Every structure is written in structure tokens, then in C-alpha cells.
2 protein chains.
Amino acid sequence: MKHAPLIAQNHMRCADCAIRHKAVCAYCEPPELAKLDAMKSYRTFQAGETIVWAGEEVDVLGSVVSGVATLSRTLQDGRRQMVGLLLPSDFVGRPGRRKAPYDVVAANEVMICQFLKPKFEALVSATPALERRLLDMTLDELDAAREWMLLLGRKTARERIASLLVIIARRDAALSSTTVGDGLRFALPLTREAMSDYLGLTIETVSRQISALKKSGIIILEDSRHVRVPDYVALLDEAGDDSDGGFIS
Amino acid sequence: MKHAPLIAQNHMRCADCAIRHKAVCAYCEPPELAKLDAMKSYRTFQAGETIVWAGEEVDVLGSVVSGVATLSRTLQDGRRQMVGLLLPSDFVGRPGRRKAPYDVVAANEVMICQFLKPKFEALVSATPALERRLLDMTLDELDAAREWMLLLGRKTARERIASLLVIIARRDAALSSTTVGDGLRFALPLTREAMSDYLGLTIETVSRQISALKKSGIIILEDSRHVRVPDYVALLDEAGDDSDGGFIS
DNA sequence: CTATTACCTTGATCTCGATCAAGGTAATAA
DNA sequence: TTATTACCTTGATCGAGATCAAGGTAATAG
């Protein structure tokens with residue numbers, strides 16, 4: 001069982017399953033790891049497939065191994081708002097809760113490494129450090145949600161798009177150890193529709209604002225799903241947000 | 001040490017300090033309560049006073065005893081978004097975190113029962129059930145934040161006002177054991193400005209939409225800070241939200 | 001090869017909530 | 001008493017983003 005550090009993340013890679021489980025790897029010791037190893041299983045979902053329906057009882061917990069999943073709530077009349085984005089290494093599921101409060105949908109092909117809830121929770125109960133880790137992760141999610149509230153309540157369409165690009169760039173860089181150098185390059189793992197759901201906008205506005213950022217030279221579109229950012233600081237500036245000026249060491 | 005149940009809440013009243021500490025009372029046993037009792041202190045803040053500044057290091061944790069406090073984030077240019085509302089019994093502070101990520105401001109006169117962080121955290125570490133309780137509370141906060149994201153991203157001004165009224169009515173009813181009967185009556189603990197910060201609107205829009213709800217007969221304004229709701233279900237309907245149809249048993 | 005489908009872009013117009021502006025009300029100070 | 005201050009309401013106008021509409025592009029199916 002080897003652990004390798006991940007850039008700017010306080011969790012480690014579980015060598016055996018080649019996934020970064022944020023929840024279980026930061027503090028777990030080999031004996032716990034071995035137990036987790038014995039109870040895990042993999043599951044794959046196609047793009048667009050619903051992983052969990054809102055209101056449904058869920059009996060698994062796990063981590064996203066690859067792909068992107070979204071958490072969203074829908075009003076009766078169809079208005080939809082994404083409330084979370086799950087990227088590789090993110091934790092899926094709510095320890096101690098039976099029902100899902102929102103839909104979990106695969107944005108593209110998603111692989112999940114899952115544990116049966118009762119077994120996982122038994123291990124958590126027996127491992128205080130894991131419990132603390134779950135609290136820590138949930139606080140991070142809460143911070144992210146509140147940051148998004150600021151975006152949804154007060155930012156302009158242009159700022160919202162820039163903020164989303166910053167988040168995607170950041171996560172992408174963290175996973176692939178990209179250096180800033182002369183520009184970042186990354187893929188957009190979301191359709192325009194998914195972006196609009198996340199940003200509280202319409203598809204058309206998302207498309208227009210991306211075009212506008214392109215026209216301003218803030219981003220370069222290789223194609224509709226691949227972006228280059230010649231000047232990361234300029235993009236950050238467009239996001240209108242002082243928080244986390246330089247996450248990339 | 002007596003504990004009395006609170007309507008629809010899984011926490012109990014700490015008889016000795018006459019506060020409902022959501023965090024510490026649900027699972028704590030008399031010995032822990034006694035320890036907490038020995039380390040607590042009270043502090044009062046005037047309306048408008050900032051309890052914690054964003055970015056500041058915070059060395060206390062506690063509960064709101066009376067009054068209302070707000071959590072908010074501000075953009076450099078002054079745009080402000082409230083990201084949380086703290087009502088009596090709500091927990092203040094972030095276990096395991098040093099700095100505050102947002103301002104905590106007293107909306108009116110607020111009393112807080114506080115514990116020094118190191119002592120509180122030592123007790124938490126020694127009391128696994130408390131750790132779990134903190135996780136549970138944080139998950140509740142996360143759910144609330146995400147529900148608010150739906151509001152900020154997709155609801156109309158009228159729906160936002162109605163949703164806020166529902167939340168205040170619900171909390172008010174939970175604290176004062178009001179029955180629905182022929183109408184609810186409650187005070188608005190926030191100024192129009194604070195409401196606009198919470199709802200991602202302007203003061204003027206808040207005022208106009210409250211007037212509109214009044215004109216529609218959904219609410220009756222006794223004065224600008226006191227509301228009567230003749231038909232709670234009608235208000236719920238205006239909020240455009242199916243969740244929690246009947247929280248009052 | 002064409003047809004279908006899913007996704008993206010751009011233009012024209014409309015609308016809800018923001019902005020600008022003017023008073024109104026009630027509490028405290030002078 | 002009047003003045004000041006803080007808060008709330010309402011009207012007029014404006015504008016960012018929604019809505020309606022029409023194509024465009026690229027992948028897969030037939």
C-alpha cells in the first residue's frame with residue numbers, strides 16, 4: 001500500500017485502487033485501507049444517466065474515479081439549478097442520511113468506486129479520524145456552496161462564466177499537475193446546458209458570454225469544449241473574486 | 001440537568017443555561033454537560049455590530065441564545081450576499097477551522113453563549129457522539145445552502161420573498177410552539193436591506209414584492225416588521241417549492 | 001451518401017428586477 | 001417643539017439577461 005501526495009490536497013492516493021478517495025485516504029492506516037479494499041466495488045454510468053434520483057433511498061457511498069457528475073434540484077415546473085459538481089476524487093453520498101435530497105447525474109461517462117453504506121459507516125464509527133475527515137470535507141462543501149451563493153446572488157453573467165472556468169481550470173491543474181507557464185489549457189467537461197444549470201443562466205447567455213470572453217482575448221476556444229487561457233490572472237480578474245489568488249504553488 | 005424536547009428538532013434544551021445548543025445537547029451526557037457548563041461564557045452584541053470579520057482568526061465557538069445574526073460575503077465593489085442566517089439555538093463557528101470565511105453580523109441585539117475553541121474541541125475529540133452531531137449539523141447547513149442556491153439561481157423575486165417568509169415562520173413556530181389554526185403571526189427579524197442581501201435582490205424590489213403579497217392577500221402587514229399569514233399553504237405555494245410540505249406536526 | 005440528432009451560436013425582442021429619484025414614517029436627539 | 005437619522009414605500013426609467021427564432025456543426029445511423 002503506497003500513498004502518493006496530490007498537489008494542494010490533503011488526501012492521498014490509494015495505490016491499490018488507483019483512486020484518490022478524499023474521504024478515506026488522508027487519515028486511514030493500512031489496516032483500515034485493507035478493510036475498505038475488501039468491500040469496494042466499481043460502477044460505471046453513461047453520459048446523461050441518472051446515478052441517484054432525488055428522494056430515492058441510497059445505500060452506497062463512494063468516490064468519483066473518473067468523469068464528472070452533477071448534483072441538481074428541480075422545481076415542479078422544470079426550472080433546474082445545479083447545486084454541486086463532482087469531479088474525480090470527490091465523495092458521493094451522505095454519511096448518516098438515508099435519502100438523497102437531489103439528483104446525481106453523470107455529465108459524461110462516470111466511474112464510481114463505491115462501498116456499501118452499513119459497512120462503510122461501521123468503519124467510520126470505529127475510526128474517529130475518519131469521522132473528523134468527513135466533517136472537514138463537509139465544511140469544504142459548505143464553503144463551496146456559499147461561495148456559489150455569492151455568485152448566484154450577485155455576480156454578472158460574465159463573472160459567472162469566468163468563475164466557472166477558474167474552478168474547472170483549478171481542478172484540472174490539480175489533477176494533471178499543469179504548470180501555469182504560458183497559459184493553461186483544459187477541457188470543459190460540461191455542456192452549455194449543464195453550465196447554464198450551474199450558473200443560474202440560460203444556454204444562450206452562457207454561449208454569448210463565452211463568445212464575449214473570447215472576443216476580449218481572455219480565453220481562446222480551440223473548439224466548443226476546449227479552452228486555452230493565455231493569462232490566468234486576467235481570467236481571475238474577470239471572475240470578480242478576490243478569494244484564493246494563487247492556489248497553484 | 002433536565003432536558004426538554006423541542007418541536008421537530010433532534011436536540012434538547014440545556015436546562016442549566018436555558019439555551020438550546022443544537023450541537024452539544026442532542027447527544028451529550030451529564031458529565032459532558034457539566035464540563036461545558038464550567039467553560040461557557042456569554043457575550044452580547046448590538047444591532048449592526050460585527051461579531052466576526054471575514055478573514056479574522058476566531059478562537060470561540062458557541063450558540064446563538066437570542067437575536068439574529070447573519071453570515072455574509074462581500075465583493076470588493078461592495079456587492080454583498082448573505083450566505084446564512086443564525087437564529088436562536090444555531091451553532092456559531094467552525095470546528096477545526098482557524099479563520100472565518102465570512103462576516104458574522106448581528107441583525108439585532110444578539111446574545112451568544114460561547115466556549116473557547118481549544119477546550120470545546122478537546123471535548124469533541126473525547127466525545128465521538130459529539131463529533132457525529134457536528135457532522136450532522138453541517139450536513140443540515142449544507143442542505144440549507146443548496147436549497148438557497150436553487151432560490152438564488154432560479155426563483156422569481158416574489159417566490160424568494162415567500163420562501164424567506166416560510167423559513168422565518170417555520171423557525172418562529174418551532175421556537176414558540178405556535179399552532180397553525182387560523183393563521184400565523186410573526187415578526188420579521190431583518191431589515192429590508194438584510195432581506196435583500198439574503199435574497200439577492202435590491203431593497204426596492206423586496207419592498208415592492210412584500211406590498212404585492214399584501215395586495216394579493218397572502219400576507220397581512222400589521223406594520224413593516226410584523227406579518228400575519230392567514231393561509232400558510234397559500235404562502236408555501238407562492239414559494240414555488242414542494243419541499244417540506246408540513247413541518248408542523 | 002443523406003438523414004437524424006444533439007449541441008452550439010447568433011440575432012431580435014421582451015421583461016423582470018435594477019437604478020434613479022422623491023417622499024413618508026417613527027424614533028431619538030437637540 | 002423641531003431636527004436628525006434610519007428605515008420603508010412608491011414611481012419612472014433603464015438595462016442585463018430571458019425568450020423567441022433561425023441557422024450552423026459534427027457525430028452517428030440508415
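Not measured: the values here are computed from a predicted model.
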### Query
Tell me: CD1 of A:Ile203 to P of C:dG11, nearest whole Å?
18 Å
### Residue pairs fulfilling ring-ring contact (aromatic ring centres under 6.0 Å, His included) with at least one residue in residues 141-175 of chain B, sequence neighbours excluded
B:Trp148-B:Tyr198
### Query
Once each nucleotide of nucleotides 12-26 of chain C is scored for protein heavy atoms under 4.0 Å, what B/S/- sequence comes out, 5' to 3'?
B----SSBB------
### Task
With B:Leu235 as reference, evaluate B:Leu165, B:Ile161, B:Leu184 under the side-chain contact (heavy atoms from CB on, under 4.5 Å) test and give the passing residue.
B:Leu165
### Task
Could I get the full list of side chain to side chain contact (heavy atoms under 4.5 Å, CB included) partners for A:Ala54, not counting sequence neighbours?
A:Asp103
### Task
Would you mind classifying the nucleic acid contact of A:Ser207 as base, sugar-phosphate or nothing, using non-hydrogen atoms under 4.0 angstrom?
base
### Summary
Side-chain contact check for B:Ser224: nearest option of D:dC8, C:dC8, C:dT10 is D:dC8
#### Entry: Whole angstrom value for the distance that separates C1' of D:dA16 from CD of A:Glu159
12 Å
### Query
In whole Å, what is the span from the CD atom of A:Gln46 to the P atom of C:dA6?
16 Å
### Task
Answer yes when B:Arg97 and A:Asp140 have at least one side-chain N-carboxylate O distance shorter than 4.0 Å, and no when they do not.
yes
### Query
Expressed in angstrom and rounded to an integer, what is the separation of B:Arg79 atom CZ from D:dA16 atom C1'?
13 Å
### Message
Nearest whole Å is fine: how far is D:dT10 C1' from B:Lys215 NZ?
### Response
9 Å
#### Entry: A:Glu238 side, atom CD; A:Arg160 side, atom CZ - distance, nearest 0.5 Å
15.0 Å
### salt_bridge(B:Lys155, B:Asp241) N-O dist < 4.0 Å
yes
### Message
For C:dG23, give the paired nucleotide (Watson-Crick: N1-N3 plus N6-O4 or O6-N4; G-U: N1-O2 and O6-N3; both under 3.5 Å), or none.
### Response
D:dC8
### Task
May I ask you to say whether A:Asp90 pairs ionically with A:Arg171, meaning some side-chain N is under 4.0 Å from a carboxylate O?
yes
### Message
From CG of A:Leu188 over to C1' of C:dC7, roughly how many Å is that when rounded to an integer?
### Response
13 Å
### Separation of C:dA6 P from A:Asn108 CG (nearest whole Å)
17 Å
### Nearest-angstrom distance from the residue atom CD of B:Glu193 to C1' of D:dA6
11 Å
